[in-house]
Amino acid sequence: MDIIFHHPTFDTEYWLNRLQQALPDARVRQWKQGDRQPADYALVWHPPVEMLSGRKGLKGVFALGAGVDAILSKLQAHPDMLPDGVPLFRLEDTGMGLQMQEYAVSQVLHWFRRFDDYQRQKQQGQWQPLDDYRREDFTIGILGAGVLGGKVADSLVAWGFPVRCWSRSKKDFPGVESFAGGEALPAFLSGTRVLINLLPNTPQTVGIINRELLSQLAKEAYVINLARGVHLVEADLLAALDSGQLKGAMLDVFSKEPLPESNPLWTHPRVAMTPHVAAVTRPDEAISYIAKTITQLENGESVSGEVSLQHGY
Ligand SMILES: NC(=O)C1=CN([C@@H]2O[C@H](COP(=O)(O)OP(=O)(O)OC[C@H]3O[C@@H](n4cnc5c(N)ncnc54)[C@H](O)[C@@H]3O)[C@@H](O)[C@H]2O)C=CC1
Ligand SMILES: O=C(O)C(=O)CO
């Protein structure tokens, strides 16, 4: 079995060695320009078109991340990168769930304990205890209740917050109120104090966090965007912060990355940000999942992690 690998930034040597250890019978190689030799599986992130285009004999393609929006948009322009019937897989959790939990819990607690207010007071030399926030006024709403949204919901339930989620179909997560579909979105938003976005980037979700949505949140709400920059209309977020409808935002992803120097998000006092690091691919966990899945596919067993090309995630 032949496996080709391409990632623009990962330590390729490390990945090739670890993949080889996990699948000792396979021949694993880095794909290089001009390589048209056969391959059974391709492991990719931002693959060059010529790596996959017209390739015969491929049994599966693995995206080396959770979101497949970049590869799907490339496939739209170059459909022969994924011949009919060849499955596309993505990473399900593989260590990203815990990272998303760390990010969401630490930020929610930061706001809940009013560290943002105390930081402002400190800058003004003010010593002034403030009223505590109450958990019952701090409902967390998670847009996207999939692998990562589900994990984040669990961790916030454990901290005693009221948690609700919104997805395409209803979920049965312990302690989490589930809302499904467009009709249920207003009810989900009403009373939500902290909105956490973990939706995939699809034509249905682009621009979903806009003026209309933000206006339906609880007063002095907060937004955490952990999914993709295109979900959020940045100008609407800034307007909602300036009008007082929103109290703060924590953003990991942006419509353009790296965020251009001129973008007003950089200087807004109530916007905090990280450079798309909320959850990164952990090589060892990802390699275990890929090796297990390839072995299952080779044995004709059912597998998990296949992307629905119809739904776009
Ligand atoms: N910032 C970062 O470092 C990272 C960001 N991500 C982003 O997180 C996203 C979510 O990842 P997973 O949880 O693994 O995805 P998933 O596919 O397991 O979950 C997606 C959820 O969104 C819901 N959904 C999809 N379309 C919908 C619609 N139109 N209306 C309502 N609900 C809808 C689904 O029902 C599902 O609950 C990824 O697509 C990726 O963009 C993932 C990893 C790291
Ligand atoms: O895996 C993903 O989709 C990511 O965004 C990683 O940063």
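Just so you know, residue 1 is the first one in the sequence shown, and it goes up from there. The figures here come from the full heavy-atom set of this structure, side chains too, leaving out hydrogens, waters and symmetry mates.
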With distance as the sole test, does [X] use its side chain to make a donor-acceptor pair with the main-chain N or O of [Y] at under 3.5 Å?
| X | Y | result |
| --- | --- | --- |
| Ser178 | Asp172 | no |
| Asn299 | Glu301 | no |
| Thr192 | Val194 | no |
| Thr94 | Leu91 | no |
| Glu234 | Ser255 | yes |
| Arg90 | Val307 | no |
| Arg27 | Asp2 | no |

Worksheet item: Do the side-chain N and O atoms of Ser53 and His78 include a donor-acceptor pair separated by under 3.5 angstrom?
Response: no
Worksheet item: Do the side-chain N and O atoms of His276 and Asp252 include a donor-acceptor pair separated by under 3.5 angstrom?
Response: no
Worksheet entry | Sole residue of Gln121, Gln119, Arg120, Arg113 in side chain to side chain donor-acceptor pair (under 3.5 Å) with Asp117 | Arg120
Using 30° and 60° as the class limits, which term best fits the ring planes of [X] and [Y]: parallel, tilted or perpendicular?
| X | Y | result |
| --- | --- | --- |
| Tyr133 | Phe112 | tilted |
| Tyr313 | His311 | tilted |
| Trp166 | Phe188 | tilted |
| Phe138 | Tyr222 | tilted |

Worksheet item: Residues in side chain to side chain donor-acceptor pair (under 3.5 Å) with Gln123, at least two apart?
Response: none
Discussion item. Just verifying a value: how many Å separate Ile196 CD1 and Ile224 CD1, rounded to the nearest 0.5 Å?
Written reply: 4.5 Å
Worksheet entry | side chain to side chain contact (heavy atoms under 4.5 Å, CB included) between Leu195 and Leu189, intermediate numbers included | CA-CA 8 Å; Leu195 184 76; Leu189 296 170; 4.2 Å; yes
Practice prompt. Look at the side-chain heavy atoms of Ile, Leu, Val, Met, Phe, Trp and Tyr, link any pair under 4.5 Å apart, and say whether Leu16 and Leu43 land in one connected group.
Written response: yes
